[in-house]
Amino acid sequence: MSTRIYNTLSRQKEVFEPVVPGKVGIYCCGPTVYAPSHVGHVVGPVIFDTVKRFLRYRGYDVTFVINITDVDDKIINKAAEEKTSTEELAERITADYIEHLGRLGVEVDHFPRATKYIPHMLAMIETLVKKGFAYPSGGDVYFDVTRHPAYGKLSNRNIDEMMAGARKEVSDLKRHPSDFALWKGAKAGEPAWESPWGPGRPGWHIECSAMSMDLLGETFDIHGGGLDLCFPHHEDEIAQSECCTGKTYAKYWMHNGLMQYGDDTRKMGGRCMAEEGDIASQEAAKMSKSKGNIVTLAKLLSDYSPELIRFFLLSTHYRSPISFSDERLKEVGALLEKAHTFAERYEQVMGSAFYELKAPQTWAEAPFEAGGSEFLGRVVELRNRYLEFMDDDFNTAGAIGTMAELITLLNRQAGSYESSKDEATKTEFAAGAVVLKELADILGILTKAPESAGGDDQLTASLLDLLLKVRQMARQEKSFALSDAIRDELAELGVTIKDGKEGSSWKIESSH
RNA sequence: GGUGCCGUAGCCAAGUGGUAAGGCAGCGGAUUGCAAAUCCGCUAUUCGCCGGUUCGAAUCCGGCCGGCACCUCCA
């Protein structure tokens with residue numbers, strides 16, 4: 001069984017073979033920290049976290065890196081606007097970002113900061129200059145794209161064609177219009193570091209090369225990011241890295257589709273956003289503002305559970321664009337709720353929490369020959385289909401489909417046990433539930449019971465229990481008008497009543 | 001103009017040569033005092049359009065239509 005990855009470099013799916021057997025390094029381009037995170041900033045992290053989880057399940061030792069760009073013009077401008085230092089602004093936004101990733105279940109091994117890697121970058125730039133791939137010019141240092149024959153291999157472009165479409169003015173400090181800055185001479189008042197070419201700061205792309213190679217090696221496995229970063233950012237990373245080391249930089253390039261807001265197609269997937277001065281983005285911003293659909297992550301996570309956001313992002317194949325809307329979120333939420341309802345049922349049947357189940361963390365530990373009954377045969381079949389989907393370029397949308405089928409199968413088995421009270425049926429049910437947990441762990445969902453919106457306190461719980469007791473009396477006396485009124489009115493307060501064979505239960509629905 | 005991605009039911013979404021997964025919504029049934037939850041059944045002769053290749057195509061090729069992204073240095 002082998003995992004295949006769509007590699008942007010070759011524009012086809014390739015069998016995944018790590019550079020170092022048993023180990024995998026993943027680098028994902030993170031945000032420029034100048035404004036609060038929005039939903040687009042977490043698309044890549046959630047996807048690549050899932051890639052990490054799946055590869056770990058497949059037995060690899062995975063290291064996952066997301067960088068933080070904490071030196072940039074946008075940060076400088078924003079800090080000036082807010083009358084604070086760039087350091088303070090960057091720290092604050094970074095903390096906000098990392099906290100949100102944590103809530104979304106994104107497990108990152110390293111968050112390297114650009115400002116901590118200045119010496120690494122300077123060393124690289126010096127090497128590039130020494131080797132003749134870069135040249136100093138007026139306090140800046142530029143990469144000479146004409147010296148790199150493979151320039152354009154990732155985004156499938158050639159420099160001459162691009163010139164035809166060039167629409168911006170070209171700096172006269174450059175030899176070729178496509179040359180890009182490795183180092184930028186400092187202007188007055190800007191954060192600056194000493195360099196052989198005078199005080200300045202790193203260019204846009206060099207940080208990713210320096211940090212990824214330092215943490216993952218000069219040749220590493222997977223480099224990810226939003227589709228919008230493919231050119232020029234990733235193209236330039238490849239050029240400068242491979243010219244510097246003479247080795248292959250990243251083996252597999254994965255690009256995720258961008259988040260879209262309904263009709264408004266403002267891109268949201270990468271670490272950079274359209275400049276405010278850009279006419280197109282002004283219109284987009286206006287449109288978004290009037291629709292009220294620019295959503296910060298903080299706002300989003302106050303309306304929806306982190307788990308739902310994560311599940312939503314995984315419900316579409318990662319290479320497709322994903323549309324953000326409340327309707328879509330609600331739709332996806334229905335399936336997630338079904339899964340949690342199943343978890344409750346599991347607890348009733350087994351007397352222990354589904355969320356606490358210890359499922360196999362790797363493929364090798366999982367008992368693939370569950371054999372025997374038709375039920376377990378079906379479970380294993382569904383697991384295999386799930387894994388085939390994931391092996392095929394991390395098709396989470398397809399995998400979720402098989403999970404939905406597994407839940408239906410498990411519910412049926414639960415019903416079968418509840419009516420027969422047959423111990424063997426129960427044992428099989430338990431084994432099937434472990435498989436569901438195993439598959440959910442790969443997606444990073446169903447890790448804990450959904451948080452209810454308030455009502456966690458003892459008094460509320462006692463009052464609701466009391467209300468249910470009163471209602472039960474009413475039902476026994478067949479005062480259905482009364483019992484229904486209680487149920488209806490509680491429903492309006494967001495409390496759902498379920499009448500089961502074993503008695504009634506209440507549940508406070510979360511806000512959405 | 002260049003490069004690339006996409007177009008599958010009311011909606012969302014898998015499927016890349018072998019005869020259309022799954023979810024939401026809807027309808028019918030079981031269950032229920034009625035509900036909720038759960039289960040069962042039904043719901044695309046058809047995959048933007050037109051040609052071609054093939055025994056066979058949503059899947060490959062060509063053309064067209066429609067949507068989107070990127071085409072640089074402070075995106």
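The analysis underlying the following values was restricted to heavy atoms, covering all of them including side chains, and did not include hydrogens, waters or symmetry mates. Chain naming here is simple, since letters A, B, ... match the order of the sequence lines and numbering starts at 1 in each.
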> When you measure from the centre of the six-membered ring of Tyr34(A), is the NZ or CZ of Lys78(A) under 6.0 Å away and within 45° of the axis?
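So Lys78(A) doesn't make the cation-pi contact.
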> Can a donor-acceptor pair be found between the side chains of Asn67(A) and Tyr117(A) at a distance below 3.5 Å?
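No donor-acceptor contact under 3.5 Å links the two side chains.
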> Once you apply a heavy-atom cut-off of 4.0 Å, does Phe342(A) come out as touching a base, just sugar-phosphate, or nothing?
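No contact at all - Phe342(A) keeps every heavy atom at 4.0 Å or more from the nucleic acid.
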> Please give, in whole Å, the distance from A36(B) P to Glu337(A) CD?
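Taking atom P of A36(B) as the reference, CD of Glu337(A) is at 14 Å.
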> Between Asp179(A) and Ile407(A), which is nearer to the 5' end of RNA chain B once each is assigned its nearest nucleotide?
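The residue whose closest nucleotide sits nearer the 5' end is Ile407(A).
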> Roughly how far apart, to the nearest Å, are G17(B) and U59(B) at atom P?
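Their P atoms lie roughly 11 Å apart.
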> With a 4.0 Å limit, can you tell me whether Lys338(A) has a side-chain N or O closer than that to the phosphate oxygens OP1/OP2 of G22(B)?
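Answer no for this pair, as no side-chain N or O of Lys338(A) is under 4.0 Å from OP1 or OP2.
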> State, yes or no, whether a side-chain contact exists between Phe180(A) and Gln240(A) at a heavy-atom distance under 4.5 Å.
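A side-chain contact exists here, since the closest heavy-atom pair is under 4.5 Å.
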> Does the base of G23(B) carry an N or O that pairs as donor and acceptor with the side chain of Glu331(A) under 3.5 Å?
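Present.
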> Does any donor atom in the side chain of Ser315(A) or Arg328(A) lie under 3.5 Å from an acceptor atom in the other side chain?
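Present: a donor and an acceptor within the cut-off.
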> Once pairs are restricted to Watson-Crick or G-U wobble with both distances under 3.5 Å, how does RNA chain B read as a dot-bracket string, [ ] for crossings and | for other-strand pairs?
((((((((.[[[..)..(...]]].(((((.......))))).....[[[[[..)....]]]]])))))))....
> For nucleotides C24(B) and A57(B), find the distance between their C1' atoms and express it as a whole number of Å.
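These two C1' atoms come out 29 Å apart once rounded.
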> Using the P atom on both, measure G67(B) against G62(B) and round to a whole Å.
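After rounding to an integer number of Å, I get 22 Å for this pair.
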> Of all the nucleotides listed (C40(B), G22(B), C70(B)), which has the minimum atom distance to the side chain of Asp228(A)?
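My answer, after comparing the listed nucleotides, is C70(B).
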> Taking atom types as modelled, is there a side-chain donor on Glu337(A) or His340(A) under 3.5 Å from an acceptor on the other?
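No, no side-chain donor-acceptor pair sits under 3.5 Å.
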> Heavy atoms from C-beta onward define the side chain here; which of U16(B), A21(B), C11(B) lies closest to that of Asp392(A)?
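For Asp392(A), the side-chain atoms sit closest to U16(B).
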> Expressed in whole Å, how much space separates the C1' atoms belonging to G26(B) and U43(B)?
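Looking at atom C1' only, G26(B) and U43(B) are 8 Å apart.
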> Which residue lies toward the 5' end of RNA chain B, Arg345(A) or Phe180(A), if each is placed at its nearest nucleotide?
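On the 5' side of the pair lies Arg345(A).
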> In whole angstrom, what separates Leu335(A)'s CG from C11(B)'s C1'?
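It is 15 Å, rounded to the nearest whole Å.
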> Sticking with atom C1', work out how far U45(B) lies from U31(B), rounded to a whole angstrom.
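Looking at atom C1' only, U45(B) and U31(B) are 35 Å apart.
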> Which of the following nucleotides, C24(B), C71(B), A36(B), is nearest to the side chain of Thr496(A)?
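Among the listed nucleotides, the one closest to the side chain of Thr496(A) is A36(B).
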> Looking at the side chain of Ala397(A), which of A14(B), C40(B), A37(B) is the nearest nucleotide?
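So the side chain of Ala397(A) is nearest to A14(B).
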> Under 4.0 Å, counting only non-hydrogen atoms across every strand here, what does Asn395(A) touch: a base, just sugar-phosphate, or nothing?
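Touches sugar-phosphate only.
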> For Ala334(A), answer base if it contacts any base atom (sugar-phosphate contacts may also be present), sugar-phosphate if it contacts only those atoms, and nothing otherwise; contact means non-hydrogen atoms under 4.0 Å.
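Contact class for Ala334(A): sugar-phosphate only.
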> Can you tell me how far P in C50(B) sits from the matching atom in G15(B), rounded to whole Å?
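These two P atoms come out 25 Å apart once rounded.
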> Would you mind building the protein contact string for nucleotides 28-35 of chain B? One character per nucleotide, 5' to 3', B for base within reach (heavy atoms under 4.0 Å), S for sugar-phosphate only, - for untouched.
-----BBB
> May I ask you to check whether Ser137(A) and Arg175(A) show a side-chain donor-acceptor distance below 3.5 Å?
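No, no side-chain donor-acceptor pair sits under 3.5 Å.
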> Can Trp506(A) and Asp465(A) be counted as having a side-chain donor-acceptor contact under 3.5 angstrom?
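There is such a pair between these side chains.
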> Looking at Ser483(A), is its backbone amide N or carbonyl O close enough to the side chain of Arg471(A) to form a donor-acceptor pair, meaning the two atoms are under 3.5 Å apart?
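Side chain of Arg471(A) to backbone of Ser483(A), a donor-acceptor pair under 3.5 Å: yes, one is there.
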> Using the side-chain heavy atoms of Arg412(A), tell me which of these nucleotides is nearest: U38(B), G23(B), C40(B).
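Ranking U38(B), G23(B), C40(B) by closest atom to the Arg412(A) side chain puts C40(B) first.
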> For the P atoms, the ones on A14(B) and on G56(B), what distance do you get once it is rounded to whole angstrom?
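Result for the P pair: 30 Å, nearest Å.
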> Taking only the C1' atom of each, what is the distance from C47(B) to G7(B) in whole angstrom?
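My reading of the C1' atoms in C47(B) and G7(B) gives 10 Å.
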> If you take the centroid of each ring, where Trp contributes its six-membered ring, are Phe429(A) and Tyr346(A) closer together than 6.0 Å?
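Ring centroids of Tyr346(A) and Phe429(A) are less than 6.0 Å from each other.
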> Can you tell which of U38(B), C71(B), C12(B) lies closest to the side chain of Phe231(A)?
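The closest nucleotide is C71(B).
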> Considering the options Asp73(A), Asp70(A), Asp72(A), which one meets the salt bridge (charged side-chain N to carboxylate O under 4.0 Å, His left out) requirement together with Arg201(A)?
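That would be Asp73(A).
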> Taking atom types as modelled, is there a side-chain donor on Tyr318(A) or Asp393(A) under 3.5 Å from an acceptor on the other?
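Distance-only check passes for Tyr318(A) and Asp393(A).
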